[in-house]
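Keep in mind the model is a prediction, meaning the values are calculated, not measured. The residues of the chain are indexed from 1 along the displayed sequence.
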Amino acid sequence: MKTLRLIGLAIVAIVMSVNFAACSDDDEDIDVNQLEGTWGLVHFEGYYYEEGQKIDWNNQYDPANPSEDCDKVVISKVSDNIYSMVHYAYYDNKWNQEYTEKVSLDGNNLLPVDEEDDEVTSAKLLVANSTQLVIETKGVDEDGDFYQKMTYKRL
């Protein structure tokens, strides 16, 4: 159950990562014009707490040759600074649409447009270029704090 919730939080973070505008020289790795497209999850790392014990993970994926644990997201621009993110999971030997979200960006902070997540306290776009998308989320749930970093490659 905890794993499913973490996957859901990861998807929220991805969704929120689509919408941003670079606003300083510190944002060299962020190119808003590169957000649109199909992105496959290649690396997923983080931690959470369950019953007082820290659980961490560091997983690699190959979305070009997907397995049952692969995810991808298709990002498209809806209007100025608003993006749609359609999330897919690979199972039953095919990509299956999971859900769609809209996000916007304030600097490199990702903000949900249609809903609010009480557990995610921070979602940031770390890298967005022609080949890579990296999103980091932090938050707190009933068991403690959690951290997730998702790295995607353009498909």
Peer 1: May I ask you to decide if Y91's main-chain N or O and N93's side chain share a donor-acceptor pair within less than 3.5 Å?
Peer 2: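 Such a contact is absent between N93 side chain and Y91 backbone.
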
Peer 1: Report, as yes or no, whether the 6.0 Å neighbourhood of atom CD on E51 holds more than 12 heavy atoms from other residues, nucleotides or ligands.
Peer 2: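 No, the 6.0 Å shell around CD holds no more than 12 heavy atoms from other groups.
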
Peer 1: Between Y90 and W95, does the ring pair (Phe, Tyr, Trp, His ring centres under 6.0 Å) criterion hold? Intermediate values first, please.
Peer 2: CA-CA 4 Å; Y90 191 84; W95 288 106; 5.3 Å; yes

Peer 1: Measuring from I75:CD1 to R154:CZ, what's the distance to the nearest 0.5 Å?
Peer 2: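 Here the rounded value is 8.5 Å.
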
Peer 1: Is there a side-chain contact (heavy atoms from CB on, under 4.5 Å) between F44 and Q148 once you walk through the steps?
Peer 2: CA-CA 7 Å; F44 186 30; Q148 300 176 111; 3.4 Å; yes

Peer 1: Please answer: with hydrophobic residues joined when any side-chain heavy atoms are less than 4.5 Å apart, are L155 and L41 in the same cluster?
Peer 2: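 Result: no, two separate clusters.
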
Peer 1: State, with a plain yes or no, whether a side-chain heavy atom of S130 is found less than 4.5 Å away from one of Q34.
Peer 2: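 Yes, side chains in contact.
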
Peer 1: Heavy atoms, side chains only, cut-off 4.5 Å: are N59 and E45 in contact?
Peer 2: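 No, their side chains stay 4.5 Å or more apart.
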
Peer 1: Could you see if L133 belongs to whatever hydrophobic cluster contains V42? Use Ile, Leu, Val, Met, Phe, Trp, Tyr and a side-chain cutoff under 4.5 Å.
Peer 2: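 No, because L133 and V42 fall into different hydrophobic clusters, even though each may have its own neighbours under 4.5 Å.
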
Peer 1: Output the distance between atom NZ (K153) and atom OG1 (T38), rounded to the nearest 0.5 Å.
Peer 2: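 The NZ atom of K153 sits 13.0 Å away from the OG1 atom of T38.
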
Peer 1: Could you give me the CA-CA distance, side-chain angles and deciding distance for L125 and L35, then say whether side-chain contact (heavy atoms from CB on, under 4.5 Å) is met?
Peer 2: CA-CA 11 Å; L125 187 59; L35 283 178; 4.2 Å; yes

Peer 1: Please walk me through it: do K149 and V134 pass side-chain contact (heavy atoms from CB on, under 4.5 Å)?
Peer 2: CA-CA 7 Å; K149 183 177 177 185; V134 180; 3.7 Å; yes

Peer 1: Could you give the distance from CG (D80) to OG (S104), rounded to the nearest 0.5 Å?
Peer 2: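 Separation between the atoms: 12.0 Å.
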
Peer 1: What residues form a side chain to side chain donor-acceptor pair (under 3.5 Å) with Q60, not counting sequence neighbours?
Peer 2: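 Q60: side chain to side chain donor-acceptor pair (under 3.5 Å) contacts with H43.
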
Peer 1: Check V127, N108, L126 against E136 for a side chain to side chain contact (heavy atoms under 4.5 Å, CB included) and give me the one that passes.
Peer 2: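 By the side chain to side chain contact (heavy atoms under 4.5 Å, CB included) criterion, E136 pairs with just one of V127, N108, L126: L126.
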
Peer 1: Evaluate the criterion side-chain contact (heavy atoms from CB on, under 4.5 Å) for residue pair V140 and F146; output intermediate values, then yes/no.
Peer 2: CA-CA 6 Å; V140 178; F146 62 85; 5.6 Å; no

Peer 1: Ignoring hydrogens and angles, tell me if any N or O in the side chain of N129 forms a donor-acceptor pair with the backbone of T131 under 3.5 Å.
Peer 2: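 Between the backbone of T131 and the side chain of N129 there is a qualifying donor-acceptor contact (under 3.5 Å).
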
Peer 1: Atom NZ in K77, atom CD1 in I82: separation rounded to 0.5 Å?
Peer 2: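 Output value for this atom pair is 10.0 Å.
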
Peer 1: Decide yes or no on side chain to side chain donor-acceptor pair (under 3.5 Å) for Y48 and D145, but give the supporting numbers first.
Peer 2: CA-CA 6 Å; Y48 65 93; D145 65 319; over 6 Å; no

Peer 1: So, for E50 and I55, which heavy atoms are closest and what is the spacing to 0.1 Å?
Peer 2: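 Shortest heavy-atom separation between E50 and I55 comes out as CB-CG1, 4.3 Å.
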
Peer 1: Go through the steps for N109 and D106 under the test side chain to side chain donor-acceptor pair (under 3.5 Å), then give the verdict.
Peer 2: CA-CA 5 Å; N109 294 305; D106 180 13; 5.2 Å; no

Peer 1: Between Y49 and Y147, is there shared hydrophobic-cluster membership here, with clusters defined by ILVMFWY side-chain heavy atoms closer than 4.5 Å?
Peer 2: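 Same cluster: Y49 reaches Y147 through Ile, Leu, Val, Met, Phe, Trp or Tyr contacts under 4.5 Å.
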
Peer 1: To the nearest 0.5 Å, tell me how far D71 CG sits from Y88 OH.
Peer 2: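 Result: 12.5 Å between the selected atoms.
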
Peer 1: Can you measure from CD (Q132) to CG (D31) and round to the nearest 0.5 angstrom?
Peer 2: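 Here the interatomic distance stands at 13.5 Å.
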
